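For ligands, and for the atoms within them, numbers begin at 1 and follow the listed sequence. These numbers come from the heavy atoms of this one structure, side chains and all, not from hydrogens, waters or symmetry mates. No experiment lies behind these values; they were computed from the predicted model shown.
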Amino acid sequence: MADYDTRKIRNICILAHVDHGKTTLADHLIAASGGGVLHPKLAGKLRFMDYLDEEQRRAITMKSSSIGLHYKDYSINLIDSPGHMDFCSEVSTAARLSDGALILVDAVEGVHIQTHAVLRQSWIEKLTPCLVLNKIDRLISELKLSPMEAYTRLLRIVHEVNGIMSAYKSEKYLSDVDSILAGSTGEVGDESHELIEDDEEDTFQPQTGNVAFVCALDGWGFSIPKFAEFYASKFGASSGTLQKAFWGPRYFNPKTKMIVGKKAAGEGSKVRPMFVQFVLEPLWQVYQAALEPDGDRAMLEKVIKSFNLSVPPRELQNKDPKVVLQAVMSRWLPLSDSILSMAVKCMPDPIAAQTNRISRLLPKREILDSGVDQDVLAEAELVRRSVEACDCSDEAPCVAFVSKMFAVPVKMLPQRGPQGEMLNNSADQDSIGESDECFLAFARIFSGVLSAGQSVFVLSALYDPLKRESAQKHLQEAELQSLYLMMGQGLKPVSSAKAGNVVAIRGLGQHILKSATLSSTINCWPFSSMVFQVAPTLRVAIEPSDPADMGALMKGLRLLNRADPFVEVSVSSRGEHVLGAAGEVHLERCIKDLKERFAKVRLEVSPPLVSYKETIEGDQTNPLDNLKLLTKSSDYVEKTTANGRCTVRVHVMKLPPTLIKLLEENAELLGDVIGGKRGQTSKVVWSQPTSSIAEQEDPIEALRKGIVESTDSDILSVVQNDKDRAEECRTKWLKLLKRMWSLGPRQVGPNILFTPDPKKDIVDRSVLIRGSPYVSERLGFLDDSADSEDTAPDASSELGLSLRVEAASLESSVVSGFQLATSSGPLCEEPLWGLAFVINAFISPSVIKSEESEQGQQQTEQFGIFNGHVMATVKEACRAAVLQHRPRLVEAMYFCELNTPTEYLGPMYAVLARRRARVLKEEMQEGSPLFTVHAYVPVAESFGFADELRRWTSGAASALLVLSHWEAIPEDPFFVPKTEEEIEEFGDGSSVLPNTARKLINAVRRRKGLPVEEKVVQHATKQRTLARKV
Ligand SMILES: Nc1nc2c(ncn2[C@@H]2O[C@H](COP(=O)(O)OP(=O)(O)OP(=O)(O)O)[C@@H](O)[C@H]2O)c(=O)[nH]1
Ligand SMILES: [Mg+2]
């Protein structure tokens, strides 16, 4: 390839909310520049990139796939991505391989939940975005807006999208749900848009040409420079001046032939912005002329003439007005030309893009330790620089990133190699004995040249070139069997490919599970991991209908796990095979794939397994009283070990909500800090832009501050106007924060174990197991002054000393007991959530009664049985304490966005009510007949939700769900009427229906095989005998 020029490559992806028209747009681009794989007549109808049967059947895209286009002398790799929430992981894989993103927004529906998500994804991956406002035709023919109304609407969408981007830029790291909720309060009224001057900061500025207005269905589109160019000669003005004037409050004064501002333009119906007058009005005229029965055909002729179009008369005479319209529009404003010229102009080539993206792809690592191998470091730095420069010379180190693995049937692989030689695909090592599927890697080359037959190193995300010995398992060597350029479903074999290209690679199926970095040298850092929007939430247990097929199912699950980047396959503690998917549509496709492609056996699928958590009600209105729960001498649960030597007293308290949220959101970082991976001892410091706290310089400092701030904000939210109490509360919390011993379950969860108060150390000759504030120490809460308070009280007697040693040795048993208790609560053995425990465990000296028992005693201690007893007692005491403090079930909630025409509001609310949904906001979408409703829906109630909604509203309403947060069900699962009023209302309790919380708990218990207390008699009335009396 002599004419190879990296500057002439663009790697772009199309991102948008579901159904906003990505695949339709891609069709037009392919028809115009795809080298004849798609006939222009079929563009928009075929949906070329949706080549899977399931995609065509459901008419939604389910995976991202790439196609090579040629526009002028540019090569463009276009990646189409899915918009449905269930497949959002595919958006991450598409974004990682691209440099620019076309963000599509439906002009009628506007910004939606997934629009937020894709904007965020493109921002995280440092892509250069361009905005495409699609379905402009709907504004004309469906909503019947006037050009002026349409303009206000478009202005608002651009404004809203810019607002979202600027929030990301100003480093407000909101989750998708947060940003929607935040956005809904800060809406700007319509009138104010007029006043908004061009903001230099705005990401999307139509006047600079990075916003396109298109109708993918009819195949036309434009950006402002196109019109500016056209009118420049007419007006005799420079196109640059016109370009600026064609957006915002700029008016044309016909008398003076000047471009003026709003004031100078004056009032009146004739006064309208230039964009309306010169751009939208001609469009509206063409639509009216073509589509309306009494349309003015002369108008069409006028457009054809003034824009110098050559439309074959045959098409103009067509009976179908739609054909006439498309014939004119697609020649006047060809869609592919406007989009691809925008991409070429506004989006960076791989060299410029990689310079900009390097800090995200390969964050610079500061090595604090000087004892490391400098040669390794030097080479790793060289590799990094070569990626930064997108060096495509033969000598440059080869680096590529695989963002996902995908399966294709072996028979779909090309039969001939790059030189036309016959290939023997069946001899593929990946498919031997496994199945007739072959795994390909979806990859982008970032440096050097990759060739078929070449040998490379496969680095997993955990690989560290400085610790080669211990990182051996993260490093493999593999041979690249073949390289292909992708044309949607088609694969075109090539013998080599250079930096800056997107390719499919065969031969890595055995080496890569989901994603990996490929490198020609082992002295290379792996690329930073991709960020996924949500974790799999829908889990089901799967078993073969015929137990003999177990082997096939296991093999099938293994293949599925590799073929789908977002599937989670695991084995539950009860030995079931659990499949985790992102949502119902995703799950359905996974099961279908399993049945038909990977396992090829009949399967039984369980109802969804929903996770719950358990907590106590707690009293958040009075933080001081709440804190006292941990210290009060009366309010505890006491248990004693069988031998009577260890007495455990447990206090429990509900943590304040902001603190719980912080602990949950930063679980990973906390795990690292507490586990000792970060902090003073760590040699490598880097940051990952995944969460607000990880982004900051020193994660420990940030965590510590976060914890203090969150307790503060919780205090202030309740006792705002009582300064003294707030202060008292704060001091108490600061003291407590110096006593954090452990987090649980599994050392990171949202439950805290505090060390007992050392002042009550010795009671009745028994000694307290004191524990150590290990977590506080890790997080830097302990300063030197804290130690003085904590000095060991002198052990006055010999006995005291030996007991103290024993107490110290039992500390780990207390922690383990706490971990066990927090990992399975008393209601239905689900993890505990948001609780603080103080465990006072006292050991008394053993009382020697006889020779025999002394021997027994010694044995117990020798084999650590006593440790086990302490652990079990702690666990039991914690569980009992939870039960005693008004236990509550906690369930996961979805944030749900619904869109429905007004006439279906009634049925929609009925469905919501049946699903225990809580409506947050309802709003008429201006200028459209649609209502938007935001609500929280419990995950447990969400199955079949979308289907039910569709059935009840005849398919008119749509809903999208995102996992939002955990929430306690206020209902008491053990409610029995006690007070007089309650008894009056509910009777003695026999007639109380099991409440929701109780029902959910029982369902989980039944599934887990735990005993369920239930009345067996269902009909207390006398049964009718069937015997006939003769
Ligand atoms: N009126 C109108 N309809 C359009 C336009 N573009 C696309 N559509 C329609 O919108 C629907 C969805 O189009 P797709 O291209 O499949 O949307 P998508 O964004 O690829 O959807 P997913 O991949 O499932 O997220 C189809 O019925 C299209 O015909 C347009 O410009 N105007
Ligand atoms: Mg699509």
Enquirer: What's the separation between atom CZ in Arg138 and atom CD1 in Ile136, rounded to the nearest 0.5 Å?
Expert: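 The CZ atom of Arg138 sits 11.5 Å away from the CD1 atom of Ile136.
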Enquirer: Would you call the rings of Trp247 and Phe213 parallel, tilted or perpendicular, taking 30° and 60° as the class edges?
Expert: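 Tilted: the ring planes of Trp247 and Phe213 meet at 30° to 60°.
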Enquirer: Indicate if the distance from the Mg ion (ligand 2) to the nearest N, O or S atom of Thr23 falls below 2.8 Å.
Expert: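 An N, O or S atom of Thr23 is closer than 2.8 Å to the Mg ion (ligand 2), so yes.
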Enquirer: Check for me whether Lys492 meets the cation-pi criterion with Tyr484, that is, NZ or CZ under 6.0 Å from the six-membered ring centre and within 45 degrees of the ring axis.
Expert: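 No, Lys492 does not lie over the aromatic ring of Tyr484.
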Enquirer: Would Lys63 pass as a cation-pi partner of Tyr51, given that its NZ or CZ must be under 6.0 Å from the six-membered ring centre and within 45 degrees of the axis?
Expert: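 Ring-cation test returns yes.
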Enquirer: Using the six-membered ring wherever Trp is involved, compare the ring planes of Phe222 and Phe275 and label them parallel, tilted or perpendicular (cut-offs 30° and 60°).
Expert: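 Judged by the thresholds at 30° and 60°, the geometry between Phe222 and Phe275 is tilted.
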Enquirer: Show me, by chain and number, every protein residue that has a heavy-atom distance under 4.0 Å to ligand 1.
Expert: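 Residues Val18, Asp19, His20, Gly21, Lys22, Thr23, Thr24, Arg47, Ile60, Thr61, Gly83, Asn134, Lys135, Asp137, Arg138, Cys215, Ala216, Leu217 each place a heavy atom under 4.0 Å from ligand 1, listed by chain and number.
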Enquirer: Below 4.0 angstrom, N of the basic side chain to O of the carboxylate: do Glu315 and Arg331 qualify?
Expert: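 Counted as a salt bridge, because a side-chain N and a carboxylate O are separated by less than 4.0 Å.
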Enquirer: Restricting to N/O/S atoms, is Thr61 within less than 2.8 Å of the Mg ion (ligand 2) or not?
Expert: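 Checking Thr61: at least one N, O or S atom is under 2.8 Å.
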Enquirer: Ion pair present between Arg951 and Asp947, side-chain N to carboxylate O less than 4.0 angstrom?
Expert: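 Judged by the 4.0 Å cut-off on N to carboxylate O distance, Arg951 and Asp947 do not form a salt bridge.
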